[in-house]
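To start, the structure under review is shown below, and the notes come after it.
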There are 2 protein chains.
Amino acid sequence: MSVRIEDVATHAGVSTKTVSRVLNGNPSVRARLRTRIEASIRALNYVPNASARSLAGNRSYLVALLYDNPMSGSSYTMELIVGVLQACEGTPYNAVLHPFDAADDLAARIDGFVATHRPDALVLVPPHANNAALLQRLDELGVPYSTISSKLRQSRINVGFDERKAAAEIVAHLVALGHRRIGHVAGLQGHGARTWRLNGYRDALRKAGIAYDESLVVDGDFAFASGMAGARTLLDRPRPPTAIFAANDDMACGVMREAYARGLSIPGDLSVCGFDDTPASRLISPGLTTVHQPCRELGRVAVESVLQSIRDGAPPAPERVPYQVQWRASAAVPRNP
Amino acid sequence: MSVRIEDVATHAGVSTKTVSRVLNGNPSVRARLRTRIEASIRALNYVPNASARSLAGNRSYLVALLYDNPMSGSSYTMELIVGVLQACEGTPYNAVLHPFDAADDLAARIDGFVATHRPDALVLVPPHANNAALLQRLDELGVPYSTISSKLRQSRINVGFDERKAAAEIVAHLVALGHRRIGHVAGLQGHGARTWRLNGYRDALRKAGIAYDESLVVDGDFAFASGMAGARTLLDRPRPPTAIFAANDDMACGVMREAYARGLSIPGDLSVCGFDDTPASRLISPGLTTVHQPCRELGRVAVESVLQSIRDGAPPAPERVPYQVQWRASAAVPRNP
DNA sequence: TTGAAAGCGCTAACAA
DNA sequence: TTGTTAGCGCTTTCAA
């Protein structure tokens, strides 16, 4: 059908094994020979057959991304996927995507998945990244994996960013603008993101000498509706906050909806901040001040780290990628501090 | 390493070939034998090795999704991916995702892609679905493909939905509310979506007996900023529109931003409608009236159709999937008609 | 540092 | 309807 390794070997006047060595970056090939073989590969436009390679080498060259079944078009997952694909580019590896419902017992179903796809490595995102039983099973199966934003120590390779510091930075900015009563709509229990962002909020208050007022913190679940509900509770307080920091953008949008429903203007009557920098945070009016969650970077680094650990044997230390705060118009000096 | 087809054959007391026939749904296996073999497969927890299968069968069991490099987290692409993955579930097929920059000459690069991945089928979305040279090259290479929302007749298998009718429905609704001067921010030239939605807009006006006023139609490029710019132009007209229908949600959000910047209220002073039903359309305030683009369905049907054409030989007729209009608060009776 | 030969696990021809 | 045999294209022993 097409060009095979044998054709390259003939063209270069060597054995197929030597071509194979070049293909796999085996260092024990003389430089001159390597150059000649590489020239033949280009000349014949040779591309190795992935199936034959996997079969003979007992490797799939597959990296599987396990994520939660995104109910709505989740830009988080999309960006992650983009990063994962970027990391695979230029390597012999390919990505396999697999949405898994968080409600399912993944620790039990993972065996079937691994048997079917035989991935060389896995990348897990929350909530799966926080599933201790799942990680343990993967350890038992001997499948290398990396996690993204996991809160478990158990994960040998984890990538994330300093969500706590980022949240503190947002809240410190609100303080600097003159806000003293700052509300917080917290994220879903069990997610690292909830704890880190809430802690960042508290850090900034403490640093500013503002007493923590638990009546200004309400629970949310990262969904729009819970942001609305949270704002309702906070704005009904005898002394309502002049600013609300929501643990993610979807909830911040809910806060804005509720504020508008009460005839409040943003940021005049109420400053609002979010977290994630989803597309909606740019599209909504006014633009939402938020933390850019570096999803692509996270996906890219997660893949690179786990592949490196396969190559080099030693698992690399957990990684931290940089983040950035997006200052937009939704936060301003309070009208009535 | 693990259970092989030979083990199943031994267990069931048949030849490997017969097991293979069962695996591949070959009808020429007696029912009783089939049942026995299937029992053995379950008993041994056998899973075929995909690489060996591909190599021997000269098929990759891969469906490649070629989409444009999404600059921002595109919910369109994400939803499509979800649909594609859904369609692969329960089949031996897997999806390979490949973002391709629309600026690149894909028709020239497709050979390398096909040689590397050897996909059994391709699914193309705009703008690639509108790339005539690309489709021609695929025809030459003999790779089956389906397109999504392509405007080219050339594509034998195309899935889409009636965008023209959906747009007309939205505009008819504005008319029914009492609007007579309705502006339109059109999509990017060359996209089917631009033409279909613009035509739908004109259809609705004609049906309502409202003369088409070209000063109320401005060009956009599907991006937020072009929605703002379009609104600026339209609202600066001597007799500005009381409603604006943007060809997608991102531009509709831009229209809203510009309206707010002028102190207009929505929908009191200006009704706004979009198209696509992106996450932002739900999160923005007021909620945006828009057409739900059935991306998952499109992705799912595109895969199913092309796989069916591989099985049955005959390409199925182009498919139309249903859509739905999302009525939200951004469109209402005009305050000053 | 390089090469020869033996599979990896499956399917496709062909035969029975 | 079922079984036998020969590969698919590559990597891996092992030897040179």
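Bear in mind the structure is a predicted one, so any value in this text is a computation, not a measurement. Throughout, protein chains are lettered first and strands after them, A, B, ... in sequence-line order, and every chain is numbered starting at 1. These values consider heavy atoms only, across backbone and side chains, with no hydrogens, waters or symmetry-generated copies.
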Polar side-chain atom of [X] near backbone of [Y] as donor-acceptor pair, under 3.5 Å:
{"X": "Asp7(A)", "Y": "Arg4(A)", "value": "yes"}
{"X": "Lys151(B)", "Y": "Gly190(B)", "value": "yes"}
{"X": "Asp68(B)", "Y": "Ala102(B)", "value": "yes"}
{"X": "Ser150(B)", "Y": "Asn158(B)", "value": "no"}

Using whole Å, report how far [atom1] of [X] lies from [atom2] of [N].
{"X": "Asn58(B)", "N": "dC10(D)", "atom1": "CG", "atom2": "C1'", "value": "15 Å"}
{"X": "Arg59(A)", "N": "dG9(C)", "atom1": "CZ", "atom2": "P", "value": "16 Å"}
{"X": "Asp120(A)", "N": "dT11(D)", "atom1": "CG", "atom2": "C1'", "value": "14 Å"}
{"X": "Arg118(A)", "N": "dC10(C)", "atom1": "CZ", "atom2": "C1'", "value": "12 Å"}
{"X": "Arg4(A)", "N": "dG7(D)", "atom1": "CZ", "atom2": "C1'", "value": "11 Å"}
{"X": "Tyr61(A)", "N": "dC10(D)", "atom1": "OH", "atom2": "P", "value": "12 Å"}
{"X": "Lys17(B)", "N": "dA16(C)", "atom1": "NZ", "atom2": "P", "value": "18 Å"}

Sub-4.5 Å side-chain heavy-atom contact between [X] and [Y]:
{"X": "Arg296(B)", "Y": "Val84(B)", "answer": "no"}
{"X": "His98(B)", "Y": "Phe100(B)", "answer": "yes"}
{"X": "Val22(B)", "Y": "Asn26(B)", "answer": "no"}
{"X": "Leu97(B)", "Y": "Ile81(A)", "answer": "yes"}

- Please determine if Arg300(A) and Glu304(A) form a salt bridge, counting it only when a charged side-chain N lies under 4.0 Å from a carboxylate O. yes
- Message: If you take any heavy atom closer than 4.0 Å to DNA chain C, which residues from residues 37-49 of chain B end up in contact?
- Response: Tyr46(B), Pro48(B), Asn49(B)
- Upstream residue (5' side of DNA chain D) when Ser15(B) and Leu55(B) are each assigned their closest nucleotide: Ser15(B)
- Are Thr18(A) and dG3(C) close enough that a side-chain N or O sits under 4.0 Å from OP1 or OP2? yes
- Task: Strictly below 4.0 Å, heavy-atom distances to any atom of DNA chain D: list the hits from residues 21-36 of chain B, or just say none.
- Result: Arg21(B), Ser28(B), Val29(B), Arg30(B), Leu33(B)
